[in-house]
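Report on the structure given below.
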Protein chains: 2
Amino acid sequence: MSQTVDRALSILPLLAEGPADLGQVADRLGVHKSTALRLLRTLHEHGLVFRQSDQRYRLGARLFALAQEAVENLDVREIAHPHLLALNEKCGHTVHLAVYEEQEVLYIDKVESRYPVRMYSRIGKPVAITVAAVAKLLLADFPEAERRAVAEKLDYPAYTSRSTPNAAAFLKELALVREQGWATDLGGHEESINCVGAPIRGADGRVVAAMSVSAPNVVVTAEELLRLLPLVRRTAEAISREYSGAVPDARNAL
Amino acid sequence: MSQTVDRALSILPLLAEGPADLGQVADRLGVHKSTALRLLRTLHEHGLVFRQSDQRYRLGARLFALAQEAVENLDVREIAHPHLLALNEKCGHTVHLAVYEEQEVLYIDKVESRYPVRMYSRIGKPVAITVAAVAKLLLADFPEAERRAVAEKLDYPAYTSRSTPNAAAFLKELALVREQGWATDLGGHEESINCVGAPIRGADGRVVAAMSVSAPNVVVTAEELLRLLPLVRRTAEAISREYSGAVPDARNAL
DNA sequence: CGAGCGCGTTGCAGAATATGCAACGTTCAT
DNA sequence: ATGAACGTTGCATATTCTGCAACGCGCTCG
């Protein structure tokens with residue numbers, strides 16, 4: 001829509017391929033050298049482009065700073081909330097959103113079940129980290145060494161007979177979760193409550209949050225709850241997409 | 001230099017602070033809404049800006065993709081080389097550049113000593129990982145858990161009486177290196193050779209490479225070599241700056 | 001239920017802005 | 001020393017962007 005800006009922005013992917021000098025930029029843009037120079041200057045003033053010692057242009061630090069700042073100021077909860085509401089509309093059960101922070105997994109959002117029987121949980125409250133589906137999802141994304149380190153430091157309270165008993169079992173479960181891309185908690189925290197969860201990923205593919213649907217046995221059986229898995233995963237993926245900033249569509253030169 | 005582009009680019013840091021709607025963007029830019037709309041559209045076409053479900057604008061995925069691609073296509077060696085040459089000019093000793101890759105530390109560049117007595121090393125050759133200054137610098141930047149995991153898997157050959165003897169000593173040394181921001185190897189690999197090294201960091205502060213100056217005892221004593229430390233560190237910092245894409249200068253609106 | 005408000009969007013005419021040209025200055029290699 | 005390659009500048013032209021005003025849409029409030 002705006003030719004000048006369009007041209008200027010076209011320089012960025014071009015430089016992402018590697019450093020280039022003025023002539024190369026001008027050629028690939030199909031404009032006069034002087035035009036390319038002025039565009040590069042403007043990009044330079046904004047720090048998006050940088051001139052290395054051999055005079056060639058490169059993408060600059062501000063680009064990274066921007067990306068970083070944007071990520072920091074991103075609020076998963078804000079983005080996820082409407083999706084969680086929609087999911088709750090469809091299935092009626094309690095929906096949770098959780099993140100990992102300072103050795104803990106915390107609920108940061110919750111949509112209450114529309115059934116009379118509700119489960120106990122509170123936003124801001126640490127999750128039972130060894131059994132909760134959301135905790136497994138968040139920890140499963142850690143690099144192997146950290147996973148081991150964390151698993152060994154944890155306590156393994158026997159909430160129920162199905163709670164994760166020890167570090168070895170936990171690590172095995174994490175490996176499974178990591179591979180399949182979703183997690184469950186079948187009566188591991190409270191005998192009568194089951195959960196299915198899926199991860200929410202950032203633009204770099206790393207897990208930034210996890211969501212789950214929970215319901216007591218008296219409302220739906222574990223099998224029925226598992227049937228919601230595709231829906232849960234699709235919701236998580238929708239949130240991931242929006243959180244990451246959508247898909248980059250086909251680029252057309254010039 | 002180019003008003004239109006200037007305005008368009010000014011939108012980016014603005015959105016980095018958090019999502020904003022058309023009116024807010026127009027206000028903060030000091031332009032008419034229709035102008036802001038067209039600029040945002042152009043940014044949108046390039047994927048730098050994204051429209052979330054509540055209609056507000058946010059920084060888009062392409063920004064992250066660009067930053068990532070730029071990093072991948074960055075060649076530390078290419079950027080570092082002139083600096084290494086300059087350092088060699090000043091001190092005359094052998095200068096090394098190394099990176100960590102696949103469980104190994106590899107020399108990727110070297111400027112030979114101008115003294116007749118040279119040390120043996122070859123570009124592409126794995127470094128003695130438990131003793132070399134560059135190896136310590138690279139590993140010291142790892143998160144604690146990974147550091148432990150790596151340290152425990154290593155062998156600790158006794159090249160000399162001053163070689164790192166075991167994992168515990170190595171981890172202690174890494175902690176020191178991490179804190180002080182530089183490293184040495186005083187006769188740990190070959191009895192008569194000393195090194196001082198400093199880390200090269202990317203825009204995010206993480207260590208991407210390490211450089212060192214090495215010299216045999218017969219040319220300079222360890223004390224004399226250590227006197228070069230400030231010079232080595234300054235060189236490493238200069239490379240870091242250029243590798244990161246320079247400093248973002250003060251922003252002036254409009 | 002209807003009016004009013006806020007917000008995003010479009011077409012248009014005027015004017016500011018970007019463009020290409022040609023010429024100059026430097027640096028580097030021959 | 002000479003030439004080529006590259007980045008850089010001033011300027012006149014016209015292309016491109018801008019602001020305005022009006023429209024459409026969805027919401028809220030009366």
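In this text, all values refer to a predicted model and were calculated from it rather than measured experimentally. Proteins get letters first, then strands, A, B, ... in listed order; numbering begins at 1 in each.
Using a 4.0 Å cut-off between charged nitrogen and carboxylate oxygen, B:Arg28 and B:Glu17 count as a salt-bridge pair.
Residue B:Ser2 places no side-chain N or O under 4.0 Å from the OP1 or OP2 atom of C:dT17. Residue A:Arg7 has a polar side-chain atom (N or O) positioned under 4.0 Å from OP1 or OP2 of C:dT19. Phosphate contact (OP1/OP2 of C:dG8, side-chain N/O of B:Ser34, threshold under 4.0 Å): absent.
If you take CG of B:Asp6 and C1' of D:dT18, they are 15 Å apart, rounded to a whole angstrom. Atom pair B:Arg38:CZ and C:dG8:C1' shows a separation of 12 Å (rounding to whole Å applied). Following rounding to the nearest Å, B:Lys33 (NZ) and C:dT9 (C1') show an atom-to-atom distance of 9 Å. Distance A:Gln24 CD to D:dA5 P: 15 Å, rounded to the nearest Å. Atom CG of B:Leu29 is separated from atom C1' of D:dG19 by 14 Å (rounded to the nearest Å). D:dG10 atom P lies 12 Å from atom CG of A:Leu37, rounded to whole Å. In this structure, CE of A:Met1 is placed 10 Å from C1' of C:dT10, rounded to the nearest angstrom.
If you check C:dA18, C:dT19, C:dT9 against the side chain of B:Leu22, the one that comes closest is C:dT9. Side-chain proximity of B:His32 to the nucleotides C:dA18, C:dA22, D:dC20 is greatest for D:dC20. Residue A:Gln55 places its side chain closer to D:dG7 than to any other of C:dA18, D:dG7, C:dT9. Nearest to the side-chain atoms of A:Asp21 among the listed nucleotides D:dG7, C:dA18, D:dC17 stands D:dG7. When the nucleotides C:dA18, D:dT9, C:dC7 are ranked by their closest atom to the side chain of B:Thr4, C:dA18 comes out on top.
Here the NZ atom belonging to B:Lys90 is positioned 11.0 Å from the CG atom belonging to B:Leu228, to the nearest 0.5 angstrom. To the nearest 0.5 Å, atom OG of residue B:Ser240 and atom CD of residue B:Glu237 are 7.0 Å apart. Atoms CZ and OG1, on A:Arg38 and A:Thr4 in that order, are 11.0 Å from each other to the nearest 0.5 Å.
At a threshold of 4.0 angstrom between heavy atoms, the contacts of A:Arg51 are confined to the sugar-phosphate backbone, with no base atom among them.
At least one donor-acceptor pair under 3.5 Å links the side chain of B:Lys136 to the backbone N or O of B:Thr184.
Between the base of C:dG8 and the side chain of B:Arg41 there is no donor-acceptor pair shorter than 3.5 Å.
Two residues, A:Gly23 and A:Gln3, neighbour DNA chain D, and the one matched to the more 5' nucleotide by heavy-atom proximity is A:Gly23.
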